Amino acid sequence: MARWQTVCIEQISTVPLASAEITLLQLIGKGGRSKTIKELAQTTNRTDIPNIQYSLRKLASAGLTRKQGAGRSGVTYRLTEEGSQLADRLQDTRERLLLQALAGCPDLARRLHSAAEALEHLTELLGAAVRQAEAHSGP
């Protein structure tokens with residue numbers, strides 16, 4: 001995944017971004033609203049807040065994000081116009097490259113549908129197992 005992200009960004013930008021920064025750029029851009037470090041950490045399943053802050057400073061120094069707020073009132077991060085344009089171009093590049101790759105795999109859609117059905121079934125089984133475990137747990 002990291003190589004995929006960096007190869008895609010290198011096609012459209014000369015800004016040197018690592019995979020961590022590319023991920024944050026995309027997440028901050030999603031939904032059209034500012035994000036907190038806590039939201040970014042939860043979404044990326046990361047607990048290394050100092051490293052996330054470092055990546056955010058790199059994005060800001062490249063002119064791609066803007067920090068809003070301060071202290072306990074809540075600091076959030078938003079994409080700048082340049083950051084939004086880069087995130088959009090990155091999304092377009094990824095879609096184009098993926099569609100090209102998928103064109104050579106006509107059977108993949110059917111296989112993905114089967115995989116999705118299996119995952120839904122597994123989710124139902126896990127839910128039933130949780131309910132059964134809860135019913136058997138004592139006070």
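Nothing fancy with the numbering, it's 1 onward along the sequence. Owing to the predicted nature of the structure, the values given are computational and were not obtained by experimental measurement.
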Does the T43 side chain pair with the main chain of L40, one donor and one acceptor, at a distance under 3.5 Å?
-> no
Decide whether I12 and V15 are clustered together by the hydrophobic rule: side chain heavy atoms of Ile, Leu, Val, Met, Phe, Trp, Tyr closer than 4.5 Å, transitively.
-> yes
Roughly how far, to the nearest 0.5 Å, is the CG atom of L125 from the CD atom of Q132?
-> 11.0 Å
Would you kindly confirm whether Y54 and L59 end up in one hydrophobic cluster when ILVMFWY residues are joined by side chain heavy atoms under 4.5 Å apart?
-> no
Can D107 and R110 be counted as an ion pair, charged N to O under 4.0 angstrom?
-> yes
What's the spacing between L56 CG and R66 CZ if we round to 0.5 Å?
-> 14.0 Å
From L79 atom CG to D88 atom CG, the distance as rounded to the nearest 0.5 Å = 9.0 Å
Taking all heavy atoms of Q5 and all of T23, pick out the closest pair and write down the distance.
-> NE2-OG1, 3.0 Å
How far apart are the C-alpha atoms of K35 and L27, what are their side-chain angles, what is the distance that settles it, and do they pass the side chain to side chain contact (heavy atoms under 4.5 Å, CB included) test?
-> CA-CA 8 Å; K35 307 289 188 311; L27 289 174; 5.8 Å; no
Compare every heavy atom of R78 with every heavy atom of G32, then report the nearest pair and how far apart it is.
-> O-NH1, 3.6 Å
Residues L17 and T6: closest non-hydrogen pair is O-CG2, 3.9 Å
Under a single-linkage definition using a 4.5 Å side-chain heavy-atom cutoff for Ile, Leu, Val, Met, Phe, Trp and Tyr, are I49 and L25 assigned to the same hydrophobic cluster?
-> yes
One should read off an interatomic distance between Y77 OH and I28 CD1, to the nearest 0.5 angstrom, of 8.5 Å
Starting from the C-alpha separation in whole Å, work towards a yes-or-no answer on salt bridge (Lys or Arg N to Asp or Glu O under 4.0 Å) for E39 and R33.
-> CA-CA 12 Å; E39 289 174 305; R33 65 174 184 79; 2.8 Å; yes
Candidate pair R96 and Q11, rule side chain to side chain contact (heavy atoms under 4.5 Å, CB included), full reasoning | CA-CA 12 Å; R96 178 180 49 80; Q11 289 194 5; 3.5 Å; yes
Ionic contact status for R3 with E10, cut-off 4.0 Å = no
Got a donor-acceptor contact below 3.5 angstrom from the T36 side chain to the T76 backbone?
-> no
Show the numbers, then the answer: is there a side chain to side chain contact (heavy atoms under 4.5 Å, CB included) between L97 and T93?
-> CA-CA 6 Å; L97 292 172; T93 299; 3.8 Å; yes
Give a yes or no answer on whether the side chain of R94 reaches the backbone of L90 with a donor-acceptor pair at less than 3.5 Å.
-> no
Separation of H121 NE2 from L126 CG (nearest 0.5 Å) = 10.0 Å
For L24 and S55, which heavy atoms make the closest approach, and how far apart are they?
-> CD1-CB, 3.5 Å
Shortest non-hydrogen separation from S13 to L86 and the atoms involved | CB-CD1, 3.7 Å
Which heavy-atom pair separates S34 from Q68 by the least distance, and what is that distance?
-> OG-OE1, 2.7 Å
Neighbour count above 12 (heavy atom, 6.0 Å) for E117 CD = yes
Side chain to side chain contact (heavy atoms under 4.5 Å, CB included) assessment of Q53 paired with I37 | CA-CA 8 Å; Q53 290 170 322; I37 287 181; 3.5 Å; yes
